[in-house]
Amino acid sequence: MPKVVPFQKKEVPTGIFKTPTDEALFLSYINLDGDGQGDLAHHGGREKAVCVYPYEHYPFWEKELAQPLVYGAFGENLTTQGLVETEVCIGDIFEWGQAVVQVSQPRQPCYKLTLRHGVPDMLLKVQQTGYTGFYFRVLREGMVSRNDGLSLVQRHPQQITIAFANRIMHQDKENTEGMNQILAVQELSSNWRATFQKRLAGIETDTRERLTGEV
């Protein structure tokens, strides 16, 4: 659950300090039972019910941070193996225990990662590497556990990968064809859709609050 911690001469609520569990939990349309977000404007909700991060990136970050990491080190609800950004597509549907989940968008790193690990340029490294992780929306609620595993139910036919969406969002910002390809995926989250629509209209979203915590 969220707690209040000091950050840059102020106190901020955050739920980034996750702890692993062997218990089965109920996954609702909003989040996992016992989980909470400190900033509901940018985290959680129907389209970001489950934050997923690939374990494949842990060795890279352990080297970058010069320390061992435990599961949940990136504030994710689910640490996976075998689901990386270059292969997972927006709209893909998985079965997890009794629940059914769907990929809704890449994760956009925020300043809470700096708060957690104390590395000011970590957010930029996350964006540059593309090691962002992604979010699930919940299509069917149910009990889930770490022992259930994720089973692919349906690969989205347009096959817009998380890696491609990240590249268009963070690096290739003038690529209108790429933006339109992503917008053609009906299952794309509403906030990513709004960002790309604004960009196509010549309006760039202000990311200062997400990256620094400053309003």
- At what distance, to the nearest 0.5 angstrom, does NZ of Lys112 lie from CG of Leu123? 11.5 Å
- Task: Taking all heavy atoms of Ser145 and all of Ala24, pick out the closest pair and write down the distance.
- Result: CB-CA, 3.9 Å
- Would you sort out whether Arg137 and Glu187 count as a salt bridge (charged side-chain N to carboxylate O under 4.0 Å, His left out), showing the intermediate values? CA-CA 10 Å; Arg137 66 167 59 89; Glu187 294 80 4; over 6 Å; no
- Pair Gln197-Leu183, side chain to side chain contact (heavy atoms under 4.5 Å, CB included): steps then yes or no: CA-CA 8 Å; Gln197 288 172 335; Leu183 286 170; 4.2 Å; yes
- Hey, does the side chain of Asp121 reach the backbone of Leu124 with a donor-acceptor pair shorter than 3.5 angstrom? no
- If every non-hydrogen atom of His117 is compared with every non-hydrogen atom of Leu65, which pair is closest and at what distance? ND1-CD1, 3.7 Å
- Message: Whether Glu204 and Lys198 form a salt bridge (side-chain N of Lys/Arg under 4.0 Å from carboxylate O of Asp/Glu) is what I want to check.
- Response: no
- Item | Spacing of OH belonging to Tyr135 relative to CG belonging to Leu78, to within rounding of 0.5 Å | 13.0 Å
- Query: Are more than 12 heavy atoms from other residues, nucleotides or ligands located less than 6.0 Å from atom CD of Gln67?
  - Reply: yes
- Note, Gln181 side chain near Phe164 side chain (heavy atom, < 4.5 Å): yes
- Applying side chain to side chain contact (heavy atoms under 4.5 Å, CB included), run through Thr129 and Trp61 and close with a yes or a no. CA-CA 11 Å; Thr129 58; Trp61 292 117; 4.2 Å; yes
- Query: Less than 6.0 Å separating the ring centroids of Phe134 and Phe136?
  - Reply: yes
- Message: Let me confirm one number: the CZ-CD distance from Arg140 to Glu95, rounded to the nearest 0.5 Å.
- Response: 5.5 Å
- Message: Treating Arg167 as the side-chain partner and Gly130 as the backbone partner, does any N or O pair qualify as donor plus acceptor under 3.5 Å?
- Response: no
- Query: Would a hydrophobic clustering, with Ile, Leu, Val, Met, Phe, Trp and Tyr connected at side-chain separations under 4.5 Å, put Leu188 with Val101?
  - Reply: yes
- Query: Will you find, in the side chains of Glu85 and His57, an N or O donor that is under 3.5 Å from an N or O acceptor?
  - Reply: yes
- Note on the structure: Value for CD1 (Ile160) from CG (Asp92), rounded to nearest 0.5 Å, stands at 11.0 Å
- Query: So if you build clusters from Ile, Leu, Val, Met, Phe, Trp, Tyr with side-chain heavy-atom gaps below 4.5 Å, do Met122 and Leu115 land together?
  - Reply: yes
- Task: Applying side chain to side chain donor-acceptor pair (under 3.5 Å), run through Gln127 and Thr132 and close with a yes or a no.
- Result: CA-CA 7 Å; Gln127 291 184 176; Thr132 60; over 6 Å; no
- Message: Quick check: do Gln98 and Val144 have side-chain heavy atoms less than 4.5 Å from each other?
- Response: no
- Donor-acceptor under 3.5 Å (Gln81 side chain, Glu56 main chain): no
- Message: Tell me whether Lys173 contacts the main-chain N or O of His170 through its side chain, where contact means a donor paired with an acceptor under 3.5 Å.
- Response: no
- Item | Val153 with Val103, same ILVMFWY side-chain cluster at under 4.5 Å | no
- Query: If you look at every heavy atom in Arg146 and Thr21, which pair is closest and at what distance?
  - Reply: CD-O, 3.6 Å
- pair Trp192-Pro106: side-chain heavy atoms closer than 4.5 Å: yes
- Message: Any salt bridge linking Arg107 with Glu76? Criterion: basic side-chain nitrogen under 4.0 Å from a carboxylate oxygen.
- Response: no
- Task: Could you please spell out the steps behind the side chain to side chain contact (heavy atoms under 4.5 Å, CB included) verdict for Gln102 and Val138?
- Result: CA-CA 6 Å; Gln102 182 179 53; Val138 177; over 6 Å; no
- Query: Quick one: OG on Ser151 to CD1 on Ile93, what's the gap to the nearest 0.5 Å?
  - Reply: 13.5 Å
- Message: Is there a path of hydrophobic side-chain contacts, each under 4.5 Å between heavy atoms, that joins Val100 and Met143?
- Response: no
- In terms of heavy-atom contacts, Gln105 and Asn191 come closest through OE1-OD1, 2.8 Å
- Message: Please find the pair of heavy atoms, one from Ile90 and one from Ala165, that lie closest to each other, and give the distance.
- Response: CD1-CB, 4.0 Å
- Could you go step by step and tell me if Gln158 and Cys89 meet the side chain to side chain contact (heavy atoms under 4.5 Å, CB included) rule? CA-CA 8 Å; Gln158 284 166 276; Cys89 299; over 6 Å; no
- Query: What distance do Ile182 atom CD1 and Phe196 atom CZ have between them, rounded to the nearest 0.5 Å?
  - Reply: 4.0 Å
- Could you tell me whether a side-chain N or O of Arg193 sits under 3.5 Å from a main-chain N or O of Val185, the two making a donor and an acceptor? yes
- Can you tell me if OH on Tyr71 sees more than 12 non-hydrogen neighbours from other groups inside 6.0 Å? no
- Query: Got Val88 and Thr161 here, is their nearest side-chain heavy-atom distance under 4.5 Å?
  - Reply: no
- In short, Asn77 meets Leu32 closest at the heavy-atom pair CB-CD1, 3.8 Å
- Expected output: side-chain Ser104 to main-chain Ser189 donor-acceptor under 3.5 Å: no
- Same cluster for Val84 and Phe60 if Ile/Leu/Val/Met/Phe/Trp/Tyr side chains link at under 4.5 Å? no
- Is it true that Phe74 and Tyr58 have ring centroids separated by less than 6.0 Å? yes
